[in-house]
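Input: a single structure, listed below in structure tokens.
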Amino acid sequence: MSNLPIFRPSFGNRPDQLVGRDETLQEILDGLKSYPGSTERATLLIGQRGMGKTTMLLEIAERAQELDYVVARTTCGDAMVDNLIEVLQRAGSQFVKEDKKPIKGFTAGALGFSVGLTFTDDVQRSFGFRVKLEMICERLAQADKRVLLLVDEVDPSIEQMRNLATTYQELAGDGADIAMIMAGLPSAVSSILNYKTLTFLNRAQRIALETVSISEVEAYYHSAFARAGITADDSALASASALTEGFPYLIQLIGYYLVKYADGSKAVSASLLEKAHKAAMSDLDVKVFQAMLNPLSKGDRAFLQAMAQDDGFTQTSSIEERLGLSHGTVQTYRKRLIEAGVIAAPRRGEITFVLPALADYLRRSIED
């Protein structure tokens, strides 16, 4: 039995259970079952910090193995393509038989591998990422295995990110049995789609991770509290669930602090919930909201503070009046903040925060 705690709010950790993402997960898995070269095999997973992108990638990595995929996961960075090759070699070598069948594009006796999926010295010196990845795909295909690349925190400014994307496009176009899922902030994904050399990703499956329903949070808390040895009546469950606002990171934070502060009482009281919520919001302010706002301009933040004067929805015309801006200028800010994944426009002329708690944070910041 695992000694890991039930609630794991640190970024990059995998919670004990995926909450409210069953339909999204199934959509991605269905795409992985499609034919080689299908646009459904290339997925862009989009979400703000704390929406559970990394958790989704970890879950996909496990489920994809059941679909005969050899999975390599990495974080976007200067060493990412080498990391992917090395992980594929390690994970896929167990499926490779030591025979001498020729690989497409390579002559018998010069297969390019010394043992398993380890390249010969000549291949290691002479070829780059594209050829090496193609060779691995073809060698694994002989064992009826497919390749899945998972990339977290995508950043189009990194040359290796563009190298990976163009390589995937070429291999998928050639019919290689490969798939790729990339996760990133809305602003980063938007930048990727604007790169001329990466326009094929406009045809990829795009999935935006949003908040989950409070009823699903309540069902999860009912089970999780029981496993953590915490009791909560219906009223306490409803209150705790409502405070999360369906935000995955906050779900873990509130649960974590409830367990931490329960001590010997082992029951969720109003005072305990208030204490846990206060601690959770303090973490959320620093680790999510400050990080979300830091890249924004002074004008963007003023726009958001003007929105924070309202509860729920804000009329764009109200922003024009409060800030003394023209309609065109407000629309420019609106578009930029939507692309950054900070606000949404559910109806014409109205905008709202993607994360409702951000409005409270902005109001508290103004008071401070």
Side-chain angles (χ1 to χ4, degrees), residues 31-32 34-44 57 60-61 64-65 67-97 101-107 110-156 158-184 192 195 197-201 203-205:
L32 294 179
S34 62
Y35 59 89
S38 166
T39 56
E40 293 181 28
R41 283 197 176 195
T43 299
L44 293 168
L57 290 182
I60 291 164
Q65 294 177 54
L67 301 177
D68 292 323
Y69 277 96
V70 175
V71 183
R73 183 174 66 90
T74 190
T75 299
C76 192
D78 292 334
M80 61 185 298
V81 297
D82 288 338
N83 291 343
L84 289 171
I85 291 295
E86 290 169 2
V87 174
L88 285 173
Q89 288 175 310
R90 185 176 69 248
S93 60
Q94 61 183 306
F95 305 111
V96 175
K97 295 180 180 179
K101 293 180 181 178
I103 297 178
K104 178 183 177 184
F106 295 86
T107 59
L111 303 180
F113 296 97
S114 58
V115 59
L117 289 175
T118 301
F119 298 117
T120 61
D121 290 341
D122 183 57
V123 167
Q124 191 66 35
R125 287 192 305 267
S126 304
F127 297 103
F129 173 64
R130 194 242 187 259
V131 172
K132 290 176 180 176
L133 182 57
E134 181 180 22
M135 290 174 65
I136 288 175
C137 287
E138 291 171 348
R139 188 70 180 260
L140 288 173
Q142 293 181 350
D144 296 321
K145 291 292 180 180
R146 305 183 273 193
V147 169
L148 173 60
L149 308 178
L150 302 177
V151 183
D152 205 356
E153 299 179 17
V154 296
D155 183 350
I158 295 176
E159 178 62 32
Q160 288 203 14
M161 179 68 246
R162 301 196 293 275
N163 182 15
L164 171 61
T166 53
T167 294
Y168 175 82
Q169 179 181 10
E170 292 168 359
L171 294 184
D174 290 342
D177 212 345
I178 189 171
M180 181 167 66
I181 299 173
M182 299 181 291
I192 284 178
Y195 269 84
T197 57
L198 306 180
T199 53
F200 85 98
L201 287 175
R203 301 189 297 275
Q205 183 175 224

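Predicted model, so just to flag it, every value in this text is computed and none were measured.
Atom OG1 of Thr75 sits about 12.0 Å away from atom CG of Asp155, to the nearest 0.5 Å. Interatomic distance, CD of Glu40 versus OH of Tyr35, reported as 7.5 Å (0.5 Å rounding). Here the CD1 atom belonging to Ile158 is positioned 5.5 Å from the CG atom belonging to Asp78, to the nearest 0.5 angstrom.
In this structure the side chain of Ile136 reaches within 4.5 angstrom of the side chain of Gln89, judged on heavy atoms. Using a 4.5 Å heavy-atom threshold, the side chains of Leu149 and Leu88 count as touching.
Summarising the geometry of Met80 relative to Gln160, their closest heavy-atom pair is N-OE1, 3.2 Å, with the distance given to 0.1 Å. Across all non-hydrogen atoms, the minimal contact from Cys137 to Ile178 is SG-CD1, 4.0 Å. The two residues Ala204 and Ala42 have their closest heavy-atom pair at CB-O, 3.1 Å. Here the shortest heavy-atom pairing between Leu57 and Ala183 reads CD1-CB, 3.9 Å. Considering every non-hydrogen atom in both Ala61 and Val71, the closest pair reads O-CG2, 3.7 Å. Closest heavy-atom contact between Met182 and Met161: SD-CE, 3.2 Å.
Judged purely by atom type and a 3.5 angstrom limit, Ser126 has no side-chain atom pairing as donor or acceptor with the backbone of Val123. Not a single donor-acceptor pair under 3.5 Å links the side chain of Glu153 to the backbone N or O of Cys76. Tyr69 contributes a side-chain N or O that, together with a main-chain N or O of Leu32, makes up a donor-acceptor pair within less than 3.5 Å. Put simply, the side chain of Arg146 never gets that close to the backbone of Pro36: no donor and acceptor are under 3.5 Å apart.
When Phe113, Phe129, Phe127 are each tested for a ring pair (Phe, Tyr, Trp, His ring centres under 6.0 Å) with Phe119, only one passes: Phe113. The side-chain contact (heavy atoms from CB on, under 4.5 Å) test with Leu140 is passed by exactly one of Asp177, Val96, Asp68: Val96. Under the side-chain contact (heavy atoms from CB on, under 4.5 Å) test applied with Met180, the options Leu164, Thr167, Leu148 reduce to a single match, Leu164.
Ion pairing of Arg90 with Glu86 is absent here, as no side-chain N (NZ or NE/NH1/NH2) approaches a carboxylate O to less than 4.0 Å. Classification of Lys132 and Asp82 as a salt-bridged pair fails, no side-chain N sitting under 4.0 Å from a carboxylate O.
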Exercise for the section: Could you walk me through whether Thr43 and Ile60 pass side-chain contact (heavy atoms from CB on, under 4.5 Å), step by step? Expected result: CA-CA 12 Å; Thr43 299; Ile60 291 164; over 6 Å; no
